[in-house]
Structure formats: C-alpha cells, structure tokens
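The structure appears right after this line, and notes come after that.
Values reported hereafter were calculated over all heavy atoms of this structure, with side chains retained and with hydrogens, waters and symmetry mates removed. In what follows, every chain begins at residue 1, and chains take the letters A, B, ... in the order their sequences are listed.
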Amino acid sequence: MTQKNKLLLIDGNSVAFRAFFALHQQLERFKNKSGLHTNALYGFHSMIENVLTKEKPTHVLVAFDAGKTTFRNAFFEEYKGGRSKTPSEFSEQMPYLRELLNGFGIKHYELDNYEADDIIGTLSAQANPAEFDVVVVSGDRDLTQLAKENVRVDITVKGVSELKEYTVESIQAEMGISPMQIIDMKGLAGDASDNIPGVTKIGEKTALKLLKEYGSVENIYNHVNEMKKSKMKENLINEKETAFLSKRLATIDQDSPITIKIEDLAYTGPNTEKLIDFYKEMDFKTHLSRLDTTEHDAENEANREAIVYETVTEISPEMFSDKMALYVEMLTDNYHTADIVSISWGNVDHIYVGEPELVLNSKDFQDWAKNPKFSKQVFDAKRTFVVLKRYGIDVENIQFDILLASYILNTKDNSKDLSEVATEHHYFEVASDESVYGKGAKIHLPEDPAVMQDHLARKVKAILVLSAQLEQHLAENNQSELFYDMELPLAMVLAEMEITGIKVDAQRLREMKVEFAERLLAIEKRVYEQAGEEFNLNSPKQLGVILFEKMGYPVIKKTKTGYSTAVDVLEQLRDQAPIVADILEYRQIAKLQSTYIEGLLKVIHGHNGKIHTRYMQTIAQTGRLSSIDPNLQNIPIRLEEGRKIRQAFVPSHKGWKIFASDYSQIELRVLAHISDDEHLKAAFIEGQDIHASTAMRVFGIEKQEDVSSEMRRRAKAVNFGIVYGISDYGLSKNLEISRKEAQNFIDTYFIKYPGVKTYMEEIVREAKDKEYVETLFHRRRYLPDINSRNFNLRSFAERTAMNTPIQGSAADIIKVAMIEMDKRLKEEKLEATMLLQVHDELIFEAPEAEIPILEKLVAEVMENAVDLNVPLKVESDSGDNWYEAK
DNA sequence: ATGCTCACG
DNA sequence: ACGTACGTGAGCATA
C-alpha cells in the first residue's frame with residue numbers, strides 16, 4: 001500500500017502573530033544588523049521546522065490574509081474592527097516571511113477579499129479523504145471548526161513551538177460538541193477579538209449548554225418560544241438577527257474562489273541558497289552554521305561546480321610561480337604537534353594536490369617556498385609558516401592571509417574553518433572541514449583520498465578568489481596599512497616567538513606539586529571535619545548545600561543554577577564561618593595545582609623542555625592577542641604563592657637571563673591622547689603618579705602628601721572604571737559603596753576631566769551613527785546593539801564603544817612595538833629573543849651581557865612605537881627566571 | 001555542551 | 001525601572 005499524502009495548511013498571519021508575542025519580551029534581542037526585528041520570523045521558523053520534521057508532509061501551503069477588508073465586511077462593516085493597530089515591529093517582518101518560505105521551498109498564497117482561514121477551509125474541503133490526510137496549523141481556535149475525519153487542526157499553545165491537536169473526537173471529548181457546532185457557539189457567544197457581537201450575556205459556557213440541548217443556532221430559534229421566561233430568552237429573541245449574522249461571520253468559507261490546486265502544493269524540500277541568504281540577512285547565526293555543515297554541503301555538493309586539479313605524483317619546477325595560493329592541511333588544531341596530511345597549491349590556471357612526503361621532500365617545492373620572489377596567499381599565515389618550519393622549510397613572502405584579512409574587516413569573522421570565512425564573503429564552493437573529516441574524537445581522513453584532494457583544491461581556489469576580493473575591501477575601509485604593515489608582519493613575529501618557546505623547569509614544578517598536594521590533603525581534612533561529612537570540594541553545587549543548607553549560613557548571592565560560592569561571597573562569610581577560610585585556601589591552591597602546575601607539566605615538549613603556546617591573532621574583539629595551549633597570558637602574579645610559579649619559567653641557555661618590560665598605564669595614556677583632555681595629559685607629561693593625581697583633582701587635595709591611601713585606591717578604581725566605560729553600578733560594586741556615591745565620583749571626575757567627558761559622549765554618539773568604533777590604527781569593531789531599544793544590550797554596546805578604542809589602540813601600539821623590536825634585534829645582531837607578550841608587556845631571554853643593551857633598546861622601541869601627545873613609559877627588569885624579572 | 005570559578009591584563 | 005564594570009582561557013562538575 002502506498003503512503004497516503006499529507007497536506008499541511010498553515011495560517012500564516014495568525015502563527016506569525018503568535019510568534020511575535022511569544023518572543024515579545026525579547027523583542028530587542030531579535031534584531032538583525034540593519035535594525036529589523038526578527039522575533040516573529042524566528043518563532044515562525046521554529047514552528048515550521050518542528051512541524052515539517054514531525055508531519056513529513058507531501059504538500060504544504062502557508063495562507064495569508066489578503067488585506068484589511070474581506071467579503072465579511074460587505075455585510076458587517078465592523079468585522080475585525082476595534083483592533084488596536086498592528087505594531088510596526090510586527091508588520092515590518094511580514095515581507096521577510098515570504099523570503100523565509102521561499103527558502104523552505106513552501107508555497108504561499110493569498111486571495112483578495114478572503115482571509116487565510118477561508119483558503120485553508122476550501123483546500124481542506126477539497127482534499128479527498130482517500131488520498132489526503134490534512135493538518136491545519138493556526139494560532140486561532142476558530143479553525144477547529146474545520147476538523148473532520150481526515151482533517152486535524154493544531155493550535156499553538158504557549159509560544160508557537162508547542163501545538164495542541166484537535167480532532168473530531170478530542171473536540172467532542174473536551175467541549176461536548178462537534179467541530180461544526182463551534183460556528184454556532186461563536187454565533188451565540190461572539191468573539192471579541194474579531195469583533196463578532198454574539199448575543200448579549202451569552203458566553204462560551206451558556207452557548208455550550210444551549211448547543212448541547214438544541215444542536216444549532218437554527219434549532220435554538222425553532223424552539224426559543226418553548227424556553228421558560230428569562231433574561232436570556234429575551235436577549236435571544238431580541239438579537240436573533242445578530243446571532244445569525246455572528247454565525248455567518250464565524251463560518252469559514254469552504255468554497256472560496258481560489259486559483260490554486262492541491263497538486264500545486266507538492267513539497268520538495270528547501271532551497272538552501274535562498275535559506276542561507278535569508279539567515280544571513282536576519283543574522284540567524286546558529287541556523288546558518290548548522291546549514292553550512294549539513295544540508296548546505298549536501299546540496300552544494302550537487303550544485304558546486306566541478307573543480308579541476310592535478311594530483312601530483314612527481315614534482316617539477318613548472319608547477320610553481322609567483323602569486324600562488326598555498327594550503328597545508330592538518331587534522332588537529334595544534335600546529336606545533338599536528339601532522340600534515342596533504343598539501344595543495346596553485347593559481348587560477350592550475351591547482352596541484354600532493355602527499356606530504358612527496359611535496360615536503362621536493363627540492364622544487366622547497367625552493368619555491370623559500371624564494372622571496374614568489375608571493376604566496378594563504379589562510380592563516382602563522383599556522384602555515386610554523387608547520388612548514390617544523391619540516392625545515394622557511395616560507396618567504398606570504399603576501400596575503402584571508403583569515404587575517406577577514407578578521408580585520410570584521411572582528412567577528414574569525415573562524416578557523418576556511419569554508420565559514422568563505423561563506424561570510426558569499427563564496428560557497430568549499431565544504432566545511434567537519435563535513436569532510438567529521439568532528440571531535442572521530443575526526444578522520446575520508447576513505448576516498450579524492451574527497452580530501454578535491455576539498456583542498458577548493459580551499460586553494462577560495463584563497464585565490466577571496467584574496468583579491470578582501471584586498472579590495474581592506475582598501476575601501478582604509479585598513480590596508482593595518483593589514484600589510486601590522487597584522488601580517490606580526491603573524492611572522494608571533495610565529496617565531498611560538499617556535500622559540502619558553503623553557504620550563506619541570507623539576508621545580510614537580511617539587512611544588514608535592515608540596516601543594518600535601519597542603520590540599522590537610523585542608524580537605526579540616527573542611528570535612530567542620531562540615532561533618534566528606535564531599536567534593538571542587539563542586540560549587542555540593543559546597544553550596546553544605547554551607548547554606550547543612551550549616552545554615554546566610555545566602556548572599558545566587559547563580560542561575562543555585563547558590564553562589566564565589567570569592568566575594570565567601571569573603572563576606574569569613575567572620576561568622578571559620579570553615580570558609582579553609583575553603584578559600586583550598587580553592588586558591590587547587591587552582592594553582594590543576595591549572596598551572598599540572599596544566600603546565602602536561603604541555604612541556606619532551607625533546608626540549610619548552611612550552612610552545614599559540615597566540616590567537618583573530619579572536620579578541622578589541623585587537624588584543626590571546627594565548628592558548630597553554631595560556632601564558634594568565635600566569636599568576638597577584639598573590640605570592642601563585643607568583644612563585646613564575647620561578648619555573650627560565651632562560652633556555654646557561655648564563656642567560658629573563659628580561660621583561662611593561663608599559664606603565666598604557667590605557668590611560670591612550671585615553672589622554674584620544675580624548676586630548678588637558679589635565680590627564682598634563683599629569684602624564686609631568687610624570688605624576690596618575691592615581692594620586694586623579695585623587696587630588698577628584699577629592700580637591702592640594703598637596704600629594706595629603707592623598708591618603710584610601711583616596712588613591714578609590715581614584716584608581718575610578719580610573720579603571722573610566723577605561724571600562726564607566727557605570728555607577730560597576731563602580732559601586734567595585735568600591736563597595738552606594739550607587740549614589742559612585743555616581744557622585746563619576747560626576748566629579750567628569751567635571752575635573754571635561755575632555756574625557758566629551759570623548760565619552762562623542763564616541764558613543766559616533767558609534768550610534770556608524771554602528772562601529774575604530775582604534776588609532778583603524779581597527780574596527782562593529783556594535784550593532786548600540787541602537788537597540790533593549791537597555792542591557794544598548795548599555796553594553798555603549799561601554800564597549802568607550803572601551804574598545806582604548807584597549808584596542810593599546811593593543812595596536814604593542815603590536816607595532818613587537819614588529820619593530822623583532823627588526824631591531826636582528827639588525828643589532830643580538831642573541832636576545834622575544835618570548836612572550838602579555839598585553840602590555842614583552843618578555844625576552846638574553847645572554848647576561850646583552851641585558852644593559854636591552855634596558856635601553858627595548859624601552860626606546862616600546863616608548864617610540866607611536867607618537868602620542870603624551871609620553872609612553874616603559875619599566876623593565878631582569879632576573880634568573882620570570883619571577884625575578886618583576 | 002554549559003555554567004561556575006578564577007587566573008591574567 | 002532596567003542590571004553590568006572591558007578583554008581573555010582553563011579546569012572542573014554537571015547536564
């Protein structure tokens with residue numbers, strides 16, 4: 001027996017309206033880049049997806065209301081009158097609903113003078129029960145009148161994702177009437193939302209009672225005279241006409257003059273290209289990414305143009321030329337250890353793919369790679385450079401990097417997956433790595449080598465196409481210098497730093513490990529005694545139960561999932577709860593033990609005793625670097641116990657030292673520069689202690705000796721607040737003062753530093769206008785939420801607008817310094833090597849004899865990296881290990 | 001996978 | 001009234 005067809009009929013307007021109100025509280029969260037609200041679209045999308053998966057229809061239609069007036073208004077002018085105006089946030093979404101449906105490949109239809117339910121009613125009546133099961137989806141319960149043998153009506157319950165199914169049987173069971181009698185009920189009870197009057201004083205309950213007795217409106221009036229005298233009887237008689245009118249209004253037309261046939265509604269699945277365009281336009285990121293790796297690939301695989309490439313078995317010099325793209329494939333992230341699985345290169349005329357053994361050992365390939373006369377375009381220059389260096393090949397003249405360029409054009413566009421970056425730029429000819437190799441632990445080479453070869457050739461093609469395109473974009477955005485003079489050269493400097501790595505004294509770490517293990521055991525024992533039981537001290541959940549339930553201490557703060565046991569909470573309990581001192585100590589040591597001692601021991605390379613981090617150049621939204629595997633930018637320093645970890649970071653040669661230089665107050669100096677505030681500038685030009693100076697102005701103190709340490713502390717917090725994009729709330733929390741007091745501080749600060757105030761106002765205004773902010777070197781950060789009507793989103797964007805030019809420009813400055821530093825070390829033929837960058841400091845190792853030279857050279861380079869209207873100041877130190885170089 | 005906590009600038 | 005200070009990454013527990 002063949003499967004019966006299934007016709008899905010959706011009431012477009014009503015479902016969209018439900019979706020709109022279901023996500024109404026989050027209206028401002030659902031907004032695309034251009035400010036269009038998308039909540040109704042999002043909700044509608046979820047509903048469609050759910051219902052398609054569940055019902056697997058063979059035919060689908062979404063019906064829409066045609067316009068304001070319908071045939072019903074012809075005999076009752078006020079039909080659907082009195083409705084409040086449709087919110088503009090809703091109506092602006094309706095045109096895009098059609099785009100969504102086109103993406104899904106779903107037909108939609110509207111008919112002049114008729115409502116969506118008339119179209120649905122007519123089609124459901126036309127569906128032959130022998131051929132079709134029909135499912136109707138609406139947010140309007142009136143449509144339940146259409147239920148019959150082969151027609152089920154699903155009405156949205158909460159939101160739109162949950163549907164309640166109405167069949168003839170369920171309607172009978174729930175209300176005691178047949179679907180057709182729902183019309184009679186409306187005739188009697190009316191419907192306020194549609195402005196159907198009904199009979200005075202008769203509501204749903206009374207209507208049901210009457211219908212159970214008489215069956216229909218007609219029959220009620222046949223017997224109305226037999227009823228005993230009552231107010232209701234009077235109303236019925238007086239309003240007979242209204243009752244019949246109401247019934248007529250409530251009756252869905254099952255024979256409207258539609259011009260479509262059920263056969264036209266055959267559903268053949270989505271149009272992925274259109275759907276992707278729609279997701280992009282709406283900023284539906286999750287839907288987009290899901291599609292990229294699944295249906296999109298599947299469909300594109302069929303749609304993609306075949307790519308021509310050559311699988312090389314022998315390499316010859318003619319295979320290489322200037323301006324070629326190069327891609328080196330590895331299956332895992334860490335290019336310091338990953339194996340190369342394949343290499344591809346080429347230009348628009350010819351793309352080659354080869355096995356790593358063959359290519360890496362080829363003299364022709366090596367010569368080409370190392371020859372600065374031949375420029376190369378890549379995806380991720382640093383990754384490419386580092387991995388080939390491991391095989392003894394120094395790649396020269398990497399002239400373009402589409403990952404770096406993408407990140408500069410939009411800091412959000414920074415995926416490690418080439419196809420994702422390509423998709424962002426509307427290039428769809430590359431499959432995702434996930435679809436080719438799988439993901440997680442199951443990552444593997446495809447069985448058919450041709451699949452990977454094809455994939456790589458496509459990557460090379462994408463690099464070629466996108467290089468040209470992105471280069472153009474950079475120029476349009478005035479970001480060419482940022483790319484060519486800063487980020488690309490920096491990638492090479494970072495590559496060398498990573499390859500050099502930093503030597504770690506594993507023995508020292510192991511000694512600390514033993515010591516910490518003993519202490520942890522002792523603390524644990526004390527805690528269990530005080531708690532009266534053993535539990536997992538690392539579990540905030542279990543700890544919460546012990547502290548706040550078993551021991552009954554007051555709950556100070558809650559998290560989403562339970563009690564907060566964070567440091568600031570425990571600090572407040574310190575006096576009344578002797579156990580917390582132990583818990584805090586445990587936390588501190590446990591953190592050092594697991595993250596730093598054990599964590600670092602795990603990533604020391606066996607052959608050289610060094611650690612090789614990876615700097616992420618395209619992650620941070622401000623332009624800063626980040627460091628992973630391990631993170632060497634958060635090695636403890638604030639507390640002495642943790643700080644000792646730094647003793648394990650040592651020079652890699654005997655007789656060498658660790659040398660460290662850091663910018664003093666670089667962010668406040670940057671602020672002084674970009675705000676051009678007279679007083680802030682003066683403080684730096686005069687070389688004052690900046691926090692003391694702020695304290696003097698804010699607290700009205702004449703002499704610096706009169707600034708108490710408490711005043712300085714507060715002034716320091718205000719300065720931090722200024723850099724972060726000040727808010728009274730944040731400052732009040734930080735200083736543990738009231739919001740009012742915090743606001744007073746801020747007000748006073750702005751009076752004393754009017755230039756800063758003007759800058760803050762200007763930058764926010766500018767951000768609202770352009771929807772992005774820029775650093776000194778034209779690094780951009782887009783702030784789509786800056787014009788949001790949602791307070792939180794908008795406030796966050798405003799603080800970001802204030803902070804990003806400051807933090808980002810500081811990041812720019814140290815990047816310039818690093819490039820110059822690298823150059824100078826080579827020029828001066830010094831053995832000293834740059835090892836690490838920690839946002840505002842650079843760490844080197846050098847022979848002891850070079851230390852005096854570095855003292856001068858590093859400071860000079862860092863201080864003169866850029867010319868601001870305040871001086872930059874650098875402080876340096878050196879020692880036998882990182883701890884000593886404070 | 002996600003949330004919490006905590007390390008850094 | 002709203003409810004957060006800016007930027008990161010790692011380990012652990014828990015779902």
Quiz item: Looking at DNA chain B, which of residues 629-640 of chain A put a heavy atom within less than 4.0 Å of it?
Solution: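 Output list: A:Q633, A:N634, A:I635, A:P636, A:I637, A:R638.
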
Provide, to the nearest angstrom, the distance between the [atom1] atom belonging to [X] and the [atom2] atom belonging to [N].
X: A:M616; N: C:dG7; atom1: CE; atom2: P; answer: 19 Å
X: A:Q621; N: B:dG9; atom1: CD; atom2: P; answer: 22 Å
X: A:L793; N: C:dG3; atom1: CG; atom2: C1'; answer: 12 Å
X: A:M802; N: C:dC6; atom1: CE; atom2: P; answer: 10 Å
X: A:F535; N: C:dT14; atom1: CZ; atom2: C1'; answer: 17 Å
X: A:F791; N: C:dA1; atom1: CZ; atom2: P; answer: 11 Å
X: A:F720; N: B:dC8; atom1: CZ; atom2: P; answer: 13 Å
X: A:R643; N: B:dA7; atom1: CZ; atom2: P; answer: 15 Å

Check ion pair [X]-[Y] (N to O, under 4.0 angstrom):
X: A:E761; Y: A:R765; value: no
X: A:E845; Y: A:K503; value: no
X: A:E518; Y: A:K513; value: no
X: A:E710; Y: A:R714; value: yes
X: A:K873; Y: A:E875; value: yes
X: A:D380; Y: A:K416; value: no
X: A:R713; Y: A:E736; value: no
X: A:D785; Y: A:R794; value: no
X: A:D877; Y: A:K886; value: no
X: A:K557; Y: A:D568; value: yes
X: A:E511; Y: A:K644; value: no

Should [X] be listed as having a side-chain N or O under 4.0 Å from OP1 or OP2 of [N]?
X: A:Q837; N: B:dG9; value: no
X: A:T565; N: B:dT5; value: yes
X: A:K541; N: C:dA15; value: yes
X: A:T561; N: B:dC4; value: yes
X: A:S795; N: C:dG3; value: no
X: A:R799; N: C:dC6; value: yes
X: A:S626; N: C:dG7; value: no
X: A:T559; N: B:dC4; value: yes

Quiz item: Taking atom types as they are modelled, is there a donor-acceptor pair under 3.5 Å from the base of C:dG3 to the side chain of A:R739?
Solution: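 It does, because a donor-acceptor pair links the side chain of A:R739 to the base of C:dG3 below 3.5 Å.
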
Quiz item: Within the modelled atom types, does a donor on one side and an acceptor on the other bring the side chain of A:R624 and the base of C:dT8 under 3.5 Å apart?
Solution: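 Under the 3.5 Å cut-off, the side chain and the base do not form any donor-acceptor pair.
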
Mind checking if [X] touches a base, just sugar-phosphate, or nothing, with heavy atoms under 4.0 Å?
X: A:G725; result: nothing
X: A:R794; result: nothing
X: A:S627; result: sugar-phosphate
X: A:A717; result: base
X: A:E667; result: nothing
X: A:N538; result: sugar-phosphate

Quiz item: Between A:T800 and A:N792, which has a closest nucleotide on DNA chain C that is more 5'?
Solution: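 This one resolves to A:N792.
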
Practice problem: Could you tell me whether the side-chain ring of A:F796 sits stacked on the base of C:dT4, using a centroid cut-off under 5.5 Å and a plane angle under 30°? | Solution: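 Here A:F796 fails the 5.5 Å or the 30° condition.
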
Self-check item: Spacing of the P atoms in C:dA5 and B:dT5 (rounded, Å)
Solution: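 Approximately 13 Å lies between the P atom of B:dT5 and that of C:dA5.
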
Exercise. In whole angstrom, give me the gap between the P atoms of B:dC6 and C:dC2.
Key: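 Pairwise P distance, B:dC6 against C:dC2, rounds to 28 Å.
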
Between [options], spot the one nearest the side chain of [X], thanks.
X: A:T595; options: B:dT5, C:dG11, C:dT8; answer: C:dG11
X: A:V838; options: B:dG9, C:dT14, C:dC6; answer: B:dG9
X: A:E841; options: B:dA7, B:dG9, C:dT4; answer: B:dG9
X: A:P540; options: B:dT5, C:dT4, B:dA1; answer: B:dT5
X: A:K733; options: C:dG9, C:dA5, C:dT8; answer: C:dA5
X: A:L731; options: C:dG7, C:dA5, C:dA13; answer: C:dA5
X: A:Y729; options: C:dG9, C:dA5, C:dT4; answer: C:dT4
X: A:R587; options: C:dG3, C:dC6, B:dC6; answer: B:dC6
X: A:Q807; options: C:dC6, C:dT14, B:dT5; answer: C:dC6

Exercise. Measure from the ring center of A:Y563 to the ring center of A:Y553 and say whether it is less than 6.0 Å.
Key: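 Ring centres of A:Y553 and A:Y563 not closer than 6.0 Å.
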
Exercise. Grab the stems for DNA chain C, please: at least three consecutive Watson-Crick or wobble pairs, both distances below 3.5 Å, written as range with range.
Key: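 Consecutive-pair runs (3 or more) involving DNA chain C: B:1-9 with C:6-14.
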
Quiz item: Would you call the rings of A:F720 and A:Y724 parallel, tilted or perpendicular, where under 30° means parallel and over 60° means perpendicular?
Solution: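 Aromatic pair A:F720/A:Y724 classed tilted.
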
